[in-house]
Amino acid sequence: MRGGDLYSRSPVLTGIPEVDDDHAQLDHLFRGVEKAIFVESPQAGILALYDQIVEAIARHFGREEDLLADVDSFRIEEHREVHRSLLAKARAIRDELAATTGQRSLKALFDIEDDLYRHTVSHDLQAALRCACQGA
């Protein structure tokens with residue numbers, strides 16, 4: 001935890017500025033939704049903030065796939081499939097957030113954040129290393 005956040009870890013740095021900027025933006029957006037849930041903001045406001053997360057995830061995945069297409073062509077389809085799955089889960093969690101409040105909402109938020117963090121560690125760092133080795 002940092003800065004009074006209930007649940008937070010520093011964004012993982014890949015060394016690819018565009019990707020790292022996206023990760024920092026996503027961290028900021030997650031903290032905003034977390035705080036809105038914690039202070040019991042109106043549900044419509046929480047959902048509007050979460051929609052920003054889903055949009056940012058979709059933009060980030062698109063940017064990441066564009067960056068990796070040339071240097072990671074042998075694994076790009078696997079990476080895209082992971083992205084599709086995570087984005088579908090993020091969209092499904094929006095429905096869960098709409099139907100819950102309080103601790104259950106926080107759990108749903110933490111679940112997708114954990115999945116994104118694991119994806120970064122298991123896929124993005126490996127891809128970043130391949131980019132660095134190939135001079136991208």
Side-chain angles (χ1 to χ4, degrees):
M1 285 190 344
R2 61 186 161 76
D5 295 328
L6 294 175
Y7 180 83
S8 185
R9 53 173 74 99
S10 295
V12 176
L13 298 177
T14 64
I16 301 172
E18 301 95 323
V19 172
D20 292 343
D21 289 348
D22 286 350
H23 290 170
Q25 179 195 22
L26 281 164
D27 181 68
H28 176 75
L29 290 170
F30 272 105
R31 300 294 67 79
V33 174
E34 174 189 292
K35 289 174 184 171
I37 292 169
F38 188 70
V39 300
E40 299 179 2
S41 295
Q43 193 72 353
I46 292 169
L47 294 175
L49 289 170
Y50 188 76
D51 288 341
Q52 291 178 29
I53 289 176
V54 174
E55 291 169 13
I57 291 170
R59 277 192 312 273
H60 168 65
F61 285 168
R63 182 179 357 269
E64 192 176 270
E65 290 168 11
D66 289 345
L67 289 167
L68 296 176
D70 293 333
V71 296
D72 199 21
S73 58
F74 72 99
R75 295 187 70 188
I76 191 66
E77 284 310 314
E78 173 190 343
H79 206 118
R80 281 187 180 128
E81 183 54 38
V82 171
H83 285 172
R84 282 189 286 270
S85 175
L86 286 169
L87 193 53
K89 182 174 183 177
R91 289 179 173 135
I93 284 176
R94 190 217 189 268
D95 296 336
E96 188 174 342
L97 286 173
T100 61
T101 58
Q103 293 298 317
R104 290 187 61 187
S105 292
L106 285 172
K107 183 188 178 320
L109 186 69
F110 297 161
D111 284 350
I112 190 62
E113 188 174 8
D114 276 345
D115 287 349
L116 291 169
Y117 183 83
R118 282 192 297 276
H119 167 71
T120 300
V121 171
S122 66
H123 287 80
D124 293 354
L125 290 177
Q126 292 175 21
L129 179 60
R130 282 191 289 282
C131 286
C133 289
Q134 294 185 20

- With sequence neighbours excluded, what pairs up with Arg63 under the side-chain hydrogen bond (donor to acceptor under 3.5 Å, both in side chains) test? Asp22
- Query: Who passes side-chain hydrogen bond (donor to acceptor under 3.5 Å, both in side chains) against Asp111, sequence neighbours left out?
  - Reply: Lys107
- Heavy-atom pair with the smallest gap, counting every atom of Leu29 and Ala56: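 The answer is CD1-CB, 3.7 Å.
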- Query: Closest heavy-atom contact between His23 and Thr14?
  - Reply: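 That would be CE1-CG2, 4.0 Å.
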- Query: Do Thr120 side-chain atoms and Leu116 backbone N/O form a donor-acceptor pair below 3.5 Å?
  - Reply: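 Yes: the side chain of Thr120 pairs with the backbone of Leu116.
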- Side-chain donor/acceptor of Gln43 to backbone N/O of Leu97, under 3.5 Å: yes
Is the closest side-chain heavy-atom distance between [X] and [Y] below 4.5 Å?
{"X": "Leu86", "Y": "Ile57", "value": "no"}
{"X": "Glu113", "Y": "Arg31", "value": "yes"}
{"X": "Ile76", "Y": "Arg80", "value": "yes"}

- With sequence neighbours left out, which residue pairs that include part of residues 49-60 fulfil the salt bridge (charged side-chain N to carboxylate O under 4.0 Å, His left out) condition?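 Non-adjacent pairs meeting salt bridge (charged side-chain N to carboxylate O under 4.0 Å, His left out): Asp51-Arg94.
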- Ile37 CD1 to Tyr50 OH distance, which is reported to the nearest 0.5 Å: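 These two atoms lie 9.5 Å from each other.
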- Rounded distance (nearest 0.5 Å) linking atom CZ of Phe30 with atom CG of Leu109: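 If I round to the nearest 0.5 Å, the distance is 5.5 Å.
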- Note on the structure: Residue set satisfying ring pair (Phe, Tyr, Trp, His ring centres under 6.0 Å) with His83, at least two apart, ordered chain then number -> Phe61, His79, His119
- For Ala36, side-chain contact (heavy atoms from CB on, under 4.5 Å) partners two or more places apart: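 With sequence neighbours excluded, Ala36 shows a side-chain contact (heavy atoms from CB on, under 4.5 Å) to Ser41, Ile46, Leu49, given in chain and number order.
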- Message: According to side-chain contact (heavy atoms from CB on, under 4.5 Å), who are the partners of Glu40, at least two apart in sequence or on a separate chain?
- Response: none
- Query: Going hydrophobic residue to hydrophobic residue with side-chain gaps under 4.5 angstrom, can you get from Leu13 over to Leu26?
  - Reply: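 No.
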- Task: State which residues pass salt bridge (Lys or Arg N to Asp or Glu O under 4.0 Å) with Asp95; sequence neighbours excluded, sorted by chain then number.
- Result: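 Checked Asp95 against salt bridge (Lys or Arg N to Asp or Glu O under 4.0 Å); zero matches.
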- Under 4.0 Å between a Lys/Arg side-chain N and an Asp/Glu carboxylate O for Glu96 and Lys89?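 Salt bridge: no.
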